[in-house]
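Contents: one structure, followed by commentary.
As a basis for the values below, the full set of heavy atoms in this structure was taken, side chains included, without hydrogen atoms, waters or symmetry mates.
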Amino acid sequence: MNCPFCREADSRVVDSRATDDGTAIRRRRQCSACGRRFTTMESPSLMIVKRSGASEAFSRSKVISGVRKACQGRPVSDDDLAVLAQRVEDGIRQGGSAEVPSGEVGLAILGPLRDLDEVAYLRFASVYRDFSSLADFEKEIGTLRNERSPGPRPATNDSHDN
C-alpha cells in the first residue's frame, strides 16, 4: 500500500480492527518515509466468473442497475435497491466461495426481488429465465400465488349433531 501523501511503498500497521459489521478490517498505518498516518480497509474479494470465462469483481452497483430496469415505474426506492444489493452480496458470500459463476448472481437476486416487488420480480425473471411464451408468465404467476396463499384450510364442521 502506497502512502497517499508521499507515495512511499513502505508502511507499518499501527492498529487493526474489524469493522462494525465484521465484513472488513480497518488498518491504521504509518508511513516509514514521511511518518504520516492513514487508514486502509481490507475486505475479502468476491469474483464473478462470466459466461465468457472472464472474471470481474462483484459490484453492488451492477446489481442495482440491472434490477433498477425491472423496477422502473414501481414504488421501489434507491434505499430499497441498496438493501437488495446488500442481501444479494451477503447471500453469495455465505456460499463461502471466492469465485462465483454469474448465473448464481442472477439466482441470488430473484429471492430478495420477489420479496421487494412481485411485478419487478416477474420482469427480471422473464429476462433472466428467458420466458418465451405467455405460458411461462402464467406458470410463474401461479407459483407466486401459491407461495402467497396461506395453504389449505382445515375442514370446518358447521353441523352440530347432538
query: Is any side-chain heavy atom of R37 closer than 4.5 Å to a side-chain heavy atom of R29?
result: no
- prompt: Looking at E118 and R114, does any basic side-chain N land under 4.0 Å from a carboxylate oxygen?
  reply: no
- line: Only one of V67, L81, L122, V63 passes side chain to side chain contact (heavy atoms under 4.5 Å, CB included) with L113, and that residue is V67
query: Is there a donor in the side chain of D90 and an acceptor in the side chain of Q86, or the other way round, less than 3.5 Å apart?
result: yes
- prompt: Can you tell me if T39 and R28 form a side-chain donor-acceptor pair at under 3.5 Å?
  reply: yes
- request: Give a yes or no on whether V83 and V76 share a hydrophobic cluster (residues Ile, Leu, Val, Met, Phe, Trp, Tyr; joining criterion: side-chain heavy atoms under 4.5 Å apart).
  value: no
task: Classify the side-chain pair D80/S77 by whether it contains a donor and acceptor separated by less than 3.5 Å.
output: yes
- prompt: Side chains of R26 and T19: donor-acceptor distance under 3.5 Å anywhere?
  reply: no
List the atom pairs, with distances to 0.1 Å, where a side-chain N or O of residues 1-8 and a protein N or O form a donor-acceptor pair under 3.5 Å, not counting sequence neighbours.
none

task: Would you kindly confirm whether Y128 and V49 end up in one hydrophobic cluster when ILVMFWY residues are joined by side chain heavy atoms under 4.5 Å apart?
output: no
field: Partner residues of R12 under the side chain to side chain contact (heavy atoms under 4.5 Å, CB included) criterion, sequence neighbours left out
entry: V14, Q30
message: Under 3.5 Å, is there a donor on one side chain and an acceptor on the other for R51 and S102?
response: no
query: Do you reckon V100 sits in the same ILVMFWY cluster as L107, going by side-chain contacts under 4.5 Å, direct or chained?
result: yes
